[in-house]
Amino acid sequence: MPKKRAGMVSTGQAKTVKTRRVFYIPGYDPIHPRRYRELYRKEGAAQAAISGYEISLKPKAGKGNYGWRINAGIDGHQVTSQVEVLVWSDIVRESMSNSIPATYWQLLRTAWVYIGSGALWRLMRLRKGPVIAALYPVGMLIVQALLAVALGLLTYRALEMVTDHWAARLAFAVVGTGLGIALLRWFKKKDGKFFAYYLMHDYAYSAATRGANPPELEARMAQFGNDIADALTEDVDEVLVVGHSSGAHLGVSVLADLIRAGRVPERGPALGFLSLGQVVPMVSFLPRAERLRGDLRYLSTRDELAWVDVTAPGDGCAFALCDPVSVSGVAPEGKRWPLVFSAAFTQTLSPTRWKALRWRFFRLHFQYLCAFDRPRDYDYFQITAGPQTLAARYDGRPASKSRIDHAVSKYTSVAA
């Protein structure tokens, strides 16, 4: 494959895609993967109506991973793609099954890891949005605890005015404590609106091992690699791996392992890696993330794949336009990947649509998987169901000039 300067895709001999295998790696999400099928169905239909192409979904044939089949008519080409979700939601749910006291212990431990290691201060040099998102569950959980204490004390003081008998005061203390606990339980029950527990568990998952992958996650990633390796031996035109949010850094390690092991056939399908809304620095900046940093360094030089990283400053939960290799301090000589550019929400969404979504931070973090009413060159559905490989689609496209591509992480050691 001919060399091009860093930040530009080089495709070699581009070919039209008729068949494709897509592997989607979700972020830290406990929800059943059918959610992603319904999102694809709804948003794909919306984008097809806007952009003037055809796209339809059918159930995936055969056993294996949960997924669906796509038939698309785009630019005069008929394309069949099979999407599979590489599930780790069971691992996520297990990590979230904590009591209220355990969650507050996670808060203290996670804060200590990010503050004590110096990672928090380094992350603040990148984008303030994801750092604020990381501090939000800490602040919200503290506020909830203070409100619970205040309710308990106010209840005690109000009842104490009735009588100051010691037995009554003891009973009042029990009542006040009970109400405080009940309030904390109510907050936890309503976390679908507050997202404080969810986000706390998310950040605590990586902080618990200071950036290393837990054994159960390593085992699951090995399974992901086997599934992708099998697809690379099939008679398809492209194998595309999509990693969203935390799934982006899982994808980095899975693909690095495959290439190191020689499991990417030289004459096999085109291999593409699309990372969306990545939060790589939240892990790669931690002391024991040698595995991830080594994989970032390795993958950034490889000819076996095309790696495109798409974020947007409007997504407050992602490290927008932060080159995950460079900011992690592991960019080697001859670095080629990723191509970093913006989905530019303020330009690809109409003013009306942007106004409706602007303050829905969690929804915006999933906008990469959704329809744009003013699409430019980023179209998730053309990438996953259209007639061009990822490399061909972005051949010659320059990286965003406003990207951050200098070393920021304090820890730059890599696994041997």
Side-chain angles (χ1 to χ4, degrees), residues 1-2 4 8-25 36-37 40 44 47-48 51 53-62 64-86 224-244 251 254-255 258-259 261-276 299 302-310 336-339 368-369 377-397:
M1 186 179 287
K4 286 194 176 184
M8 295 185 73
V9 170
S10 175
T11 64
Q13 291 185 339
K15 60 181 179 179
T16 300
V17 175
K18 294 182 180 179
T19 55
R20 175 188 287 109
R21 293 285 302 275
V22 181
F23 293 93
Y24 175 76
I25 308 177
Y36 296 104
R37 181 198 64 193
Y40 196 103
Q47 191 67 71
S51 300
Y53 53 78
E54 298 176 357
I55 191 166
S56 62
L57 272 63
K58 293 183 178 180
K60 169 180 168 284
N65 297 310
Y66 182 90
W68 57 92
R69 196 173 185 84
I70 309 166
N71 293 318
I74 299 176
D75 296 334
H77 297 274
Q78 296 298 314
V79 185
T80 300
S81 301
Q82 179 170 290
V83 180
E84 296 182 22
V85 182
L86 298 181
F224 294 170
N226 289 335
D227 292 336
I228 296 168
D230 288 344
L232 286 166
T233 66
E234 295 182 3
D235 184 20
V236 296
D237 299 312
E238 182 182 38
V239 172
L240 176 65
V241 178
V242 180
H244 176 242
V254 169
L255 290 170
L258 282 181
I259 296 173
R263 302 179 75 185
V264 178
E266 185 176 349
R267 300 183 183 278
L271 177 60
F273 177 39
L274 177 65
S275 50
L276 302 172
L299 204 66
R302 304 307 303 181
D303 293 338
E304 291 89 344
L305 86 170
W307 176 10
V308 175
D309 181 73
V310 181
R336 302 185 61 209
W337 310 114
L339 168 67
Y368 311 97
L369 312 178
D377 66 344
Y378 175 74
D379 180 329
Y380 181 64
F381 306 98
Q382 290 205 46
I383 292 171
T384 54
Q388 288 183 296
T389 64
L390 184 70
R393 182 171 181 82
Y394 294 110
D395 184 25
R397 195 217 196 273

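Closest heavy-atom contact between Ser275 and Asp309: OG-OD1, 2.6 Å. Nearest heavy atoms, Ser51 versus Asp379: OG-OD2, 4.1 Å. A pairwise comparison of heavy atoms in Ala229 and Arg263 identifies CB-NH2, 3.5 Å as the closest pair. Of all heavy-atom pairs spanning Phe381 and Leu369, the tightest one is CZ-O, 3.4 Å. In terms of heavy-atom proximity, Ala48 sits nearest to Ile55 at CB-CG2, 3.7 Å. When all heavy atoms of Leu305 and Trp337 are compared, the pair lying nearest together is O-CZ2, 3.2 Å.
By the salt bridge (charged side-chain N to carboxylate O under 4.0 Å, His left out) test, Asp75 pairs with no residue at all, sequence neighbours left out. Asp377 is linked by a side-chain contact (heavy atoms from CB on, under 4.5 Å) to Phe341, Tyr394, Arg397, counting only residues two or more places apart in sequence or in another chain. Take Thr80 and apply the side-chain hydrogen bond (donor to acceptor under 3.5 Å, both in side chains) test, not counting sequence neighbours, and it matches Asn71. Legend: residues meeting ring pair (Phe, Tyr, Trp, His ring centres under 6.0 Å) with Phe224, ordered by chain and number and at least two apart, are absent. For Tyr378, the side-chain hydrogen bond (donor to acceptor under 3.5 Å, both in side chains) test picks out no residue, with sequence neighbours left out. Every residue was checked against the side-chain hydrogen bond (donor to acceptor under 3.5 Å, both in side chains) condition with Asp230, not counting sequence neighbours, and none meets it. Remark: Ser56 pairs with no residue by the side-chain hydrogen bond (donor to acceptor under 3.5 Å, both in side chains) rule, at least two apart or across chains.
At a threshold of 4.5 Å between non-hydrogen side-chain atoms, the residues Val242 and Leu276 count as touching. By the 4.5 Å heavy-atom criterion applied to side chains, Val83 and Tyr36 are not counted as neighbours. Taking 4.5 Å as the limit, some side-chain heavy atom of Gln47 sits within range of a side-chain heavy atom of Tyr53. The closest side-chain heavy-atom distance from Tyr66 to Arg37 is below 4.5 Å.
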Evaluate the side-chain contact (heavy atoms from CB on, under 4.5 Å) criterion for residues Tyr368 and Leu274: first the C-alpha distance (whole Å), next the side-chain angles of each, then the deciding distance (0.1 Å), finally the verdict. CA-CA 11 Å; Tyr368 311 97; Leu274 177 65; over 6 Å; no
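Partner of Phe273 under the side-chain contact (heavy atoms from CB on, under 4.5 Å) criterion, out of Leu299, Leu390, Val308: Leu299 alone. Checking Leu86, Asn226, Ile228, Val241 one by one against Val254, the side-chain contact (heavy atoms from CB on, under 4.5 Å) holds for a single residue, Ile228.
Note that CG of Leu271 and CZ of Arg302 are 11.5 Å apart. Values are rounded to the nearest 0.5 Å.
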Please tabulate, one pair per line, all N/O donor-acceptor pairs under 3.5 Å involving side-chain atoms of residues 18-25, not counting sequence neighbours.
residue : atom : partner : partner atom : Å
Thr19   : OG1  : Asp237  : N            : 3.4
Arg20   : NE   : Glu238  : OE1          : 2.6
Arg20   : NH1  : Ser81   : OG           : 3.2
Arg20   : NH1  : Thr384  : O            : 3.2
Arg20   : NH1  : Gly386  : O            : 3.1
Arg20   : NH2  : Glu238  : OE1          : 3.2
Arg20   : NH2  : Gly386  : O            : 2.7
Arg20   : NH2  : Gln388  : O            : 2.9
Arg21   : NH1  : Glu234  : OE1          : 2.8
Arg21   : NH1  : Glu234  : OE2          : 2.8
Arg21   : NH2  : Glu84   : OE2          : 2.7

